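Notes follow the structure.
Source: prediction; values computed, not measured. Computed from heavy atoms alone, side chains included, the values below leave out hydrogens, waters and symmetry copies. In this chain, numbering begins with 1 at the start of the sequence shown.
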Amino acid sequence: MRVLVTGGAGFIGAQVVAALAAAGHTPVVMDALLPTAHPGAPEVPDGPAEFVRGDVRDAETLRRVLRGVDAVCHQAAMVGLGKDFADAPEYVACNDLGTAVLLAAMAEAGVRRFVQAGSMVVYGEGRYECREHAVVRPGPRAVADLEAGRFEPRCPRCGAELLPGLVGEDAPADPRNVYATTKLAQEHLAAAWARATGGAAVSLRYHNVYGPGMPRDTPYAGVASFFRSALARGEAPRVFEDGAQRRDFVHVRDVAGANLAALAGLDGLPDGGHTAYNVGSGEPHTVGEMAAALAAEHGGPAPVVTGEFRLGDVRHITADSARLRRELGWRPEVAFAEGMAEFARAGQRGAVRAG
């Protein structure tokens with residue numbers, strides 16, 4: 001297949017491109033090289049993929065790039081929480097308007113296979129059980145509680161402590177920041193496109209992706225990148241809250257493999273079908289554990305737990321990826337210890353290569 005990878009020069013996109021080429025597909029890379037994702041001066045790349053510098057909001061460029069394309073892996077997005085709400089217009093423009101323009105161009109070009117890079121942030125908080133009230137959904141955490149160091153959500157009915165568990169794809173969506181809201185909107189756009197065109201669409205809800213090539217020193221990167229950047233500067237990783245936040249850290253090569261599995265699985269969807277899959281390692285770890293593992297493999301310094309917090313962060317969110325394993329046969333291959341050891345020694349993305 002000839003596959004267009006939007007955002008294909010980015011951290012995850014580049015791994016998707018490599019996996020496609022290794023599997024015998026013909027990848028075509030389209031990337032706007034936004035400075036938030038690609039700090040530094042672009043350089044001319046080596047590699048098997050055709051490269052087009054362009055923005056997914058540019059319909060004319062899309063018409064040209066989509067000629068002869070069989071499927072699209074849509075990785076292009078503005079990621080992370082950003083700095084403050086002033087980033088909201090840019091998030092909506094990049095993520096939602098960009099996806100709408102891309103899907104409209106695909107409809108015009110007759111391209112009917114679509115895989116979208118989604119996110120676990122659409123769930124808000126993860127799955128919780130109360131000993132008395134079974135499964136409950138706590139509301140956003142109060143600022144007063146966070147300032148007092150009370151980080152764990154409580155049962156909204158009785159105020160008791162909750163037991164966190166794995167969240168499945170059928171859990172209600174509850175996006176709690178601008179980025180999360182845009183990722184959910186992208187899923188709805190994909191589903192609407194599939195119904196309108198008879199196409200097939202998959203949204204892959206990535207959990208906390210990490211690995212070689214993560215961008216460094218940017219407020220839009222993930223927590224693993226923050227910690228790795230600090231260690232590279234000889235500084236202690238700063239762990240917010242008490243470090244006990246549970247996450248599912250999934251290696252970027254496994255995420256690339258999930259994209260290949262999703263492409264193969266599109267033919268099994270009915271015309272007009274859209275489905276979502278969690279993409280996680282299945283091994284929950286705390287943020288503090290991740291920081292400690294990175295620091296130990298890097299040779300220090302040890303993490304510092306600060307008690308600071310960010311509004312919009314959730315406490316616990318870990319994946320149930322059983323559906324992806326069962327329906328598409330995907331399996332993660334990189335274990336937590338192995339992946340953190342590699343990441344602690346690998347380089348980070350400070351400049352992007354582009355033609």
State the [atom1]-[atom2] distance between [X] and [Y], to the nearest 0.5 angstrom.
X: Leu204; Y: Ser119; atom1: CG; atom2: OG; answer: 11.5 Å
X: Arg150; Y: Asp145; atom1: CZ; atom2: CG; answer: 4.5 Å
X: Tyr277; Y: Ser321; atom1: OH; atom2: OG; answer: 12.0 Å
X: Asn259; Y: Ile12; atom1: CG; atom2: CD1; answer: 8.5 Å
X: Arg310; Y: Asn177; atom1: CZ; atom2: CG; answer: 8.5 Å
X: Glu147; Y: Phe309; atom1: CD; atom2: CZ; answer: 5.0 Å

Is there a path of hydrophobic side-chain contacts, each under 4.5 Å between heavy atoms, that joins [X] and [Y]?
X: Val122; Y: Val92; result: no
X: Val314; Y: Val135; result: no
X: Tyr210; Y: Phe240; result: no
X: Val5; Y: Val56; result: no
X: Val279; Y: Val16; result: yes

Are [X] and [Y] packed together at the side-chain level, in the sense that at least one heavy-atom pair is separated by less than 4.5 angstrom?
X: Val250; Y: Asn208; answer: no
X: Leu102; Y: His74; answer: yes
X: Cys94; Y: Thr182; answer: no
X: Tyr91; Y: Asp96; answer: no
X: Val178; Y: Asp87; answer: no
X: Leu311; Y: Leu146; answer: yes
X: Arg127; Y: Leu166; answer: no
X: Tyr206; Y: Asn278; answer: no

Give the minimum heavy-atom separation between [X] and [Y], together with the two atoms involved.
X: Leu294; Y: Phe227; answer: CD1-CB, 4.0 Å
X: Glu125; Y: His316; answer: OE1-N, 3.3 Å
X: Asp254; Y: Trp330; answer: O-NE1, 3.0 Å
X: Gly300; Y: Leu231; answer: O-CD2, 3.5 Å
X: His133; Y: Cys155; answer: ND1-SG, 3.7 Å
X: Ala201; Y: Leu269; answer: O-CD1, 3.5 Å

Donor-acceptor contact present, side-chain [X] to main-chain [Y], <3.5 Å:
X: Arg247; Y: Arg315; result: yes
X: Arg64; Y: Glu60; result: no
X: Gln186; Y: Asn95; result: yes
X: Arg228; Y: Ala346; result: yes
X: Glu289; Y: Thr286; result: yes
X: Asp55; Y: Asp58; result: no
X: Glu132; Y: Ala160; result: no

For this session: Take Arg141 and Glu241 through the test salt bridge (charged side-chain N to carboxylate O under 4.0 Å, His left out) and record every step on the way to the result.
Result: CA-CA 12 Å; Arg141 296 179 293 170; Glu241 301 186 15; 2.8 Å; yes

Do the side-chain N and O atoms of [X] and [Y] include a donor-acceptor pair separated by under 3.5 angstrom?
X: Arg205; Y: Tyr123; value: yes
X: His274; Y: Ser203; value: yes
X: Thr318; Y: Asp248; value: no
X: His251; Y: Glu342; value: yes

For this session: Decide yes or no on side-chain contact (heavy atoms from CB on, under 4.5 Å) for Arg253 and Val334, but give the supporting numbers first.
Result: CA-CA 8 Å; Arg253 288 195 297 273; Val334 183; 4.0 Å; yes

For this session: Show your reasoning for whether salt bridge (charged side-chain N to carboxylate O under 4.0 Å, His left out) applies to Asp320 and Arg325.
Result: CA-CA 10 Å; Asp320 181 351; Arg325 300 178 188 223; over 6 Å; no

Exercise. Going through the checks in order, is the side-chain contact (heavy atoms from CB on, under 4.5 Å) test met by Leu20 and Leu263?
Worked result: CA-CA 10 Å; Leu20 286 166; Leu263 279 172; 3.6 Å; yes

Problem set entry | Arg137 vs Asp174, salt bridge (charged side-chain N to carboxylate O under 4.0 Å, His left out): CA-CA, chis, key distance, verdict | CA-CA 10 Å; Arg137 292 188 61 79; Asp174 185 17; 3.8 Å; yes

Please say whether more than 12 non-hydrogen atoms of neighbouring residues, nucleotides or ligands are located less than 6.0 Å from [atom1] in [X].
X: Glu333; atom1: CD; result: no
X: Arg331; atom1: CZ; result: yes
X: Glu161; atom1: CD; result: no

Problem set entry | Worked verdict on Arg2 versus Glu50 for salt bridge (charged side-chain N to carboxylate O under 4.0 Å, His left out) | CA-CA 11 Å; Arg2 185 174 173 86; Glu50 175 186 344; 2.8 Å; yes

Exercise. What residues join Tyr128 in its hydrophobic cluster, counting side-chain heavy atom gaps under 4.5 Å, either direct or through other members?
Worked result: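 Reading the cluster by chain and number, Tyr128 sits alongside Val136, Leu162.
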
Exercise. For the side chain to side chain contact (heavy atoms under 4.5 Å, CB included) test, which of Asp70, Thr197, Leu266 pairs with Arg112?
Worked result: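 Testing Arg112 for a side chain to side chain contact (heavy atoms under 4.5 Å, CB included) against Asp70, Thr197, Leu266 leaves exactly one candidate, Thr197.
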
Exercise. When the aromatic ring centroids of Phe336 and His285 are compared, is their separation below 6.0 Å?
Worked result: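 Judged by ring-centre distance (under 6.0 Å), Phe336 and His285 do meet the cut-off.
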
For this session: Please step through side-chain contact (heavy atoms from CB on, under 4.5 Å) for the pair Leu33 and Arg53, ending with a clear verdict.
Result: CA-CA 7 Å; Leu33 304 181; Arg53 184 166 185 170; 3.6 Å; yes

For this session: Show the numbers, then the answer: is there a side-chain contact (heavy atoms from CB on, under 4.5 Å) between Phe11 and Val252?
Result: CA-CA 8 Å; Phe11 164 50; Val252 65; 3.7 Å; yes

